[in-house]
Participant: 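Here you go, one structure.
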Amino acid sequence: MKQANKLFFIPVIFFLIFLTSCKFGLEQAFYRSHSVRKRSTQITELSETNPPDSEKSRFKKIITTIQAAEASGKDYNVLVFSDIHFGAIPHQDNSLFFEYLDTVKEKPEFPSFAICLGDIAETGRADEYNSYVELTNRLYDQYGLVTVAIPGNHDLFNDGIYEFLDKAYPYQTYFRISTAGTSFYFLDSANGTLGQKQLNDLRSRFKTDKNKKIIFSHYPLFTTGDMFQTTNTRERAILLTEFNNNNVKAVYTGHHHPGGYVNFGNFFAKGVKGFNDFNEFTVFTVSSNSVTDKNINENFKHE
């Protein structure tokens, strides 16, 4: 009798899994999504002489703002957020961005640009990406703030990577923005790994890049719980060594919504809290040889 009860529950469990996975796309729900091993094999260099093919004025604004700060020896700031999950229920109203920017828009701490660390969409659907476009267009139209993005695992559901490449500026998954003093590396870890080709390419770029470096990835190197960090332990070990030996100053990641912080000696790794869960983002400050940051949440209005 007990055995019969167990057999009864097996198809029930699979049926429930099927129901919950439908909105994510059944195939992607079981992590057979668009593979990083084919998607991100060679870095796209974005610079003043090689801007994205479209909306070049947006990219020029990023570069000229940073170059002006570096030329004058001044610090500059960057806003970074993660896991905004458009399409999730419930969803934050995004007002924190505008309240903060209204406060600093005439001040030196106004960010030079913004970064989204992935999980733009909850299920990878077009309407969810459209909501992200509305947000980032408003940030640009109202404040002149340009937002760049890398994909997260949710962005792959329902073949959402194609929506990402069509709607998430600068329409790349693995890219580098370089100035005279700093290199910003944007990695594609949306599948939970960089894949061997991207990892090899990254290591080769480090060999010829003497700039200080800031790294951005959706998946963290380490968190509490294996499902929230990069899945390949060998890859993690290689990245820690490469970051430690190649003038990396900071690594910013998402995915693990509670966030976190680890100091590795020569660099630190910070998990940015999930915006939709915590209504919080991070602003980091880049100086000549260091990176510092602070969290922005509803309490900033009382500081």
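Atoms considered below: every heavy atom in the structure, side chains included; atoms not considered: hydrogens, waters and symmetry mates.
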Participant: Looking at Y174, is its backbone amide N or carbonyl O close enough to the side chain of D188 to form a donor-acceptor pair, meaning the two atoms are under 3.5 Å apart?
Facilitator: no
Participant: Do E128 and T123 have side-chain atoms, one donor and one acceptor, less than 3.5 Å apart?
Facilitator: yes
Participant: Hey, could you give me the NZ/OG distance between K212 and S287, rounded to the nearest 0.5 Å?
Facilitator: 7.0 Å
Participant: Regarding R205 and the six-membered ring of Y185, is the cationic atom NZ or CZ under 6.0 Å from the ring centre and inside 45° of its axis?
Facilitator: no
Participant: Can a cation-pi geometry be assigned to K167 and Y129, taking NZ or CZ under 6.0 Å from the six-membered ring centre and within 45° of the ring axis?
Facilitator: no
Participant: Verify the distance criterion only: is there a donor paired with an acceptor across the side chains of D209 and S183 at less than 3.5 Å?
Facilitator: yes
Participant: Quick one, L96 with F275, criterion side chain to side chain contact (heavy atoms under 4.5 Å, CB included). Give me CA distance, side-chain angles, the key distance, then yes/no.
Facilitator: CA-CA 10 Å; L96 181 66; F275 183 84; 4.1 Å; yes
Participant: Sub-3.5 Å donor-acceptor pair from the side chain of K61 to the main-chain atoms of G144, do we have one?
Facilitator: yes
Participant: Verify the distance criterion only: is there a donor paired with an acceptor across the side chains of R39 and N191 at less than 3.5 Å?
Facilitator: yes
Participant: Is the distance between the ring centroids of Y169 and Y171 under 6.0 Å?
Facilitator: yes
Participant: State whether a side-chain donor-acceptor pair under 3.5 Å links T182 with N211.
Facilitator: no
Participant: Any link between F98 and V80 through a network of hydrophobic side chains (Ile, Leu, Val, Met, Phe, Trp, Tyr) touching at under 4.5 Å?
Facilitator: no
Participant: Which pair of non-hydrogen atoms, one from H91 and one from H85, has the smallest distance, and what is that distance?
Facilitator: CD2-O, 3.1 Å
Participant: According to a 4.5 Å side-chain heavy-atom criterion applied to Ile, Leu, Val, Met, Phe, Trp and Tyr, with indirect links allowed, do Y219 and Y252 form part of one hydrophobic cluster?
Facilitator: no
Participant: If Ile, Leu, Val, Met, Phe, Trp and Tyr residues are connected whenever their side-chain heavy atoms lie under 4.5 Å apart, and connections chain through other members, are F284 and I66 in the same group?
Facilitator: yes
Participant: Do N77 and K107 have a side chain donor and acceptor closer than 3.5 Å?
Facilitator: no
Participant: Hey, would you say the Y100 and F300 ring centroids sit under 6.0 Å apart?
Facilitator: yes
Participant: Which word best sums up how the rings of F281 and F97 line up, parallel for under 30°, tilted for 30 to 60°, or perpendicular for over 60°?
Facilitator: parallel
